[in-house]
**Student:** 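Starting off with a structure, shown below.
Throughout, protein chains are lettered first and strands after them, A, B, ... in sequence-line order, and every chain is numbered starting at 1. Both backbone and side-chain heavy atoms feed into the values below; hydrogens, waters and symmetry mates do not.
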There are 2 protein chains.
Amino acid sequence: MGKTLVYPKRDANTVNRYKHRATYDLGAIHSIINSSQVLHVSFNPGPSDPFPAILPMIGQMGSFDYPSASIDEPLDCYLHGYVSSRIMNLARASEGKGLPICVAASKVDGLILSLTPNSHSYNYRSAVLHGYAELVTDEAEKLWAMELVTNSVLSDRWRHSRVPPDKAEMSSTVILKVKVVDGSGKIRDGGVSDEKKDKDNVEVTERVWTGVVPVWETFGEPIPSPMNKVEEVPEYVTSYIASTNDQNRGYARSAVGIPLPTEEEH
Amino acid sequence: MGKTLVYPKRDANTVNRYKHRATYDLGAIHSIINSSQVLHVSFNPGPSDPFPAILPMIGQMGSFDYPSASIDEPLDCYLHGYVSSRIMNLARASEGKGLPICVAASKVDGLILSLTPNSHSYNYRSAVLHGYAELVTDEAEKLWAMELVTNSVLSDRWRHSRVPPDKAEMSSTVILKVKVVDGSGKIRDGGVSDEKKDKDNVEVTERVWTGVVPVWETFGEPIPSPMNKVEEVPEYVTSYIASTNDQNRGYARSAVGIPLPTEEEH
């Protein structure tokens with residue numbers, strides 16, 4: 001009870017700018033990763049290419065060995081996405097050691113409009129993990145990870161679709177497992193912050209509107225496929241959309257931390 | 001007229017998976033970058049660190065030398081963000097050559113819920129650039145880039161805030177200019193796509209709801225700062241919010257490409 005696990009601070013993951021916004025808590029970092037629809041995964045293609053590569057991928061933190069592990073405990077990062085053959089081949093070739101990669105996720109929660117451009121900012125949450133990626137070869141773990149990742153796209157979708165995947169589907173699917181070495185997060189919330197020189201300048205304060213524009217991701221009304229034969233949109237879909245919208249909007253507004261108008265926006 | 005500029009295909013930026021979704025058009029790629037609130041920037045911290053690093057940054061494509069250049073012409077990528085001293089020092093040390101970096105942006109436009117997990121997907125737009133980053137040292141170019149980046153956060157904000165930045169603000173701000181070597185984009189739109197084996201399976205089609213959940217970024221009602229002295233939210237703020245919301249929502253829904261219910265969602 002009361003113990004918060006944190007990632008070790010190394011040169012590579014230590015936040016040097018706006019340190020007070022930094023977090024090394026596993027729970028905070030894993031939550032940002034798990035609530036992000038897209039992760040940006042960086043790796044080095046090889047000695048002949050000077051540029052690191054970035055792929056957008058779908059992923060999720062979890063523990064196959066300890067499925068009951070909670071979000072603030074040590075977890076692996078499972079990636080499934082637009083896996084170019086390059087990252088697959090590199091991970092395959094790195095056998096035993098794994099491919100060094102970086103996984104990042106960022107969410108913008110609000111525009112901070114202050115008196116002067118230099119004090120403009122975003123409310124945001126970002127997380128970065130470093131680790132070694134290997135292909136998951138164990139069939140049971142792969143199937144478990146496929147379910148984990150599918151349900152991250154839409155809660156409870158897996159068992160409501162045609163499962164299990166057949167042999168061809170299993171062999172065409174690649175799951176990368178990232179053993180995490182370190183991680184860090186940054187969270188900025190709150191309102192506008194300006195310097196005294198501007199706050200005391202009446203010409204400026206009477207002319208420049210300051211405040212926060214909350215930003216969040218919205219899920220719209222589901223649009224049935226022309227082939228769809230199920231009359232009603234299922235409850236697990238509509239309730240996921242409603243609760244995610246409420247959560248996203250609620251977070252963006254509460255992050256501002258100043259009194260909100262009671263009137264409903266639309 | 002009618003000429004579309006494309007980035008050269010090299011190993012590093014050639015899309016091998018779902019080639020029909022790939023684009024090398026400068027206009028398409030630059031538009032994805034410019035409409036993204038956060039860019040993920042990857043670089044290699046140095047020989048002692050096996051992991052590439054990723055920083056979330058704010059950035060924008062533009063041309064200081066040819067300010068009238070349109071979105072589909074050759075442009076540089078200007079970055080200003082949570083610039084750790086590491087990337088600044090690396091870019092400074094790379095003088096003359098520039099620091100090799102990768103810039104990525106991704107937007108999810110919809111959840112594609114098909115019959116089986118393997119055919120699940122997102123509607124999305126993603127872009128990747130490779131290039132060499134250097135610090136902008138010319139004061140006029142730096143000021144121009146600061147205005148460009150500030151106005152990407154909220155259109156027309158720069159001249160409505162306290163400008164120009166003073167000496168201390170100019171020297172504390174770092175702008176990176178990326179000379180782009182190559183780029184690529186991927187765009188997935190449309191509806192559900194399933195395999196014949198599942199579409200012909202009545203047990204499956206009568207049980208599994210299929211369709212698209214549109215996803216877009218929403219800007220909420222502006223929340224004035226407790227220090228704010230301007231009574232009304234200015235028109236350039238409210239109109240930017242309204243038009244961005246309309247555009248974002250409109251794109252996510254039109255990307256589905258199937259008839260939409262006429263009823264307004266909220």
**Student:** Between A:Glu217, A:Lys229, A:His130, which shows the greatest number of heavy-atom pairs under 4.5 Å with chain B?
**Tutor:** A:His130
**Student:** How long is the span from the OG atom in A:Ser106 to the CG atom in B:Leu55, to the nearest 0.5 Å?
**Tutor:** 9.5 Å
**Student:** Give, as side chain, backbone, both or neither, the part of B:Pro50 having an atom under 4.5 angstrom from any heavy atom of chain A.
**Tutor:** both
**Student:** A side-chain contact here means heavy atoms from C-beta on lying under 4.5 Å apart; do B:Val213 and A:Tyr240 qualify?
**Tutor:** no
**Student:** Counting only non-hydrogen atoms closer than 4.5 Å, does B:Ile54 touch chain A with its backbone (N, CA, C, O), its side chain (CB onward), both, or neither?
**Tutor:** both
**Student:** Could you tell me the separation between the OH atom of A:Tyr122 and the CD1 atom of B:Ile58, rounded to the nearest 0.5 Å?
**Tutor:** 4.0 Å
**Student:** Check whether A:Pro165 gets within reach of chain B through its side chain, its backbone, both or neither, counting any heavy atom under 4.5 Å.
**Tutor:** side chain
**Student:** Under a 4.5 Å heavy-atom cut-off, does chain A meet the side chain of B:Ser48, its backbone, both or neither?
**Tutor:** neither
**Student:** Is there side-chain contact between B:Val215 and A:Gln37, with at least one heavy-atom pair below 4.5 Å?
**Tutor:** yes
**Student:** Examine whether an atom of A:Val149 lies under 4.5 Å from a heavy atom of chain B, and if so say whether it belongs to the side chain, the backbone or both; otherwise answer neither.
**Tutor:** neither
**Student:** For A:Ser126, is it the side chain, the backbone, both, or neither that has a heavy atom closer than 4.5 Å to a heavy atom of chain B?
**Tutor:** side chain
**Student:** At a 4.5 Å cut-off on heavy atoms, which part of B:Leu113 comes close to chain A: side chain, backbone, both, or neither?
**Tutor:** both
**Student:** Report which part of A:Asp194 has an atom under 4.5 Å of a heavy atom belonging to chain B: side chain, backbone, both, or neither.
**Tutor:** neither
**Student:** Nearest 0.5 Å please: distance from the CG atom of A:Leu99 over to the CZ atom of B:Phe51.
**Tutor:** 9.5 Å
**Student:** Tell me, side chain or backbone of B:Thr150 under 4.5 Å from chain A's heavy atoms, or both, or neither?
**Tutor:** side chain
**Student:** Would you mind checking if A:Glu169 and B:Lys197 are paired as a salt bridge, meaning a charged N to carboxylate O distance below 4.0 Å?
**Tutor:** yes
**Student:** Heavy-atom distance under 4.5 Å to chain B: side chain of A:Val153, backbone, both or neither?
**Tutor:** both
**Student:** Can you tell me which portion of B:Ala252 sits under 4.5 Å from chain A's heavy atoms? Options are side chain, backbone, both or neither.
**Tutor:** neither
**Student:** Between B:His40 and chain A, with a heavy-atom cut-off of 4.5 Å, which part of the residue counts as in contact: side chain, backbone, both or neither?
**Tutor:** both
**Student:** Of B:Asn118, B:Asp198, B:Thr205, B:Asn201, which meets side chain to side chain donor-acceptor pair (under 3.5 Å) against A:Arg162?
**Tutor:** B:Asp198
**Student:** For chain B, find which of A:Ile241, A:Val233, A:Asn248, A:Val163 contributes the most heavy-atom pairs closer than 4.5 angstrom.
**Tutor:** A:Val233
**Student:** Out of B:Met227, B:His160, B:Glu203, B:Glu206, which one racks up the most heavy-atom pairs below 4.5 Å with chain A?
**Tutor:** B:His160
**Student:** Please flag which part of B:Arg188 lies under 4.5 Å from any non-hydrogen atom of chain A: side chain, backbone, both or neither.
**Tutor:** neither
**Student:** Check each atom of B:Leu154 against the heavy atoms of chain A and say whether the ones under 4.5 Å are side chain, backbone, both or neither.
**Tutor:** side chain
**Student:** Check A:Phe219 against B:Leu111 and note the closest heavy-atom contact, atom names and distance.
**Tutor:** CE2-CD1, 3.8 Å
**Student:** Output the option from A:Val192, A:Val108, A:Val128 having the highest count of non-hydrogen pairs under 4.5 Å with chain B.
**Tutor:** A:Val108
**Student:** Using a 4.5 angstrom heavy-atom cutoff, name the option from B:Gly46, B:Ala104, B:Cys102 with the most pairs to chain A.
**Tutor:** B:Cys102
**Student:** Which one wins on heavy-atom pair count under 4.5 Å against chain A: B:Met146, B:Glu147, B:Arg157, B:Glu231?
**Tutor:** B:Arg157
**Student:** Go through A:Val103, A:Ile112, A:Leu115 and name the one with the most non-hydrogen pairs under 4.5 angstrom from chain B.
**Tutor:** A:Leu115
**Student:** Any idea which heavy atoms bring B:Pro100 and A:Pro52 closest together, and the distance?
**Tutor:** O-CD, 3.9 Å
**Student:** Do you know which of A:Asn44, A:Val204, A:Asp49 has the most heavy-atom pairs with chain B at a distance under 4.5 angstrom?
**Tutor:** A:Asn44
**Student:** What are the two closest heavy atoms between A:His120 and B:Ser161, and how far apart are they?
**Tutor:** CE1-CB, 4.4 Å
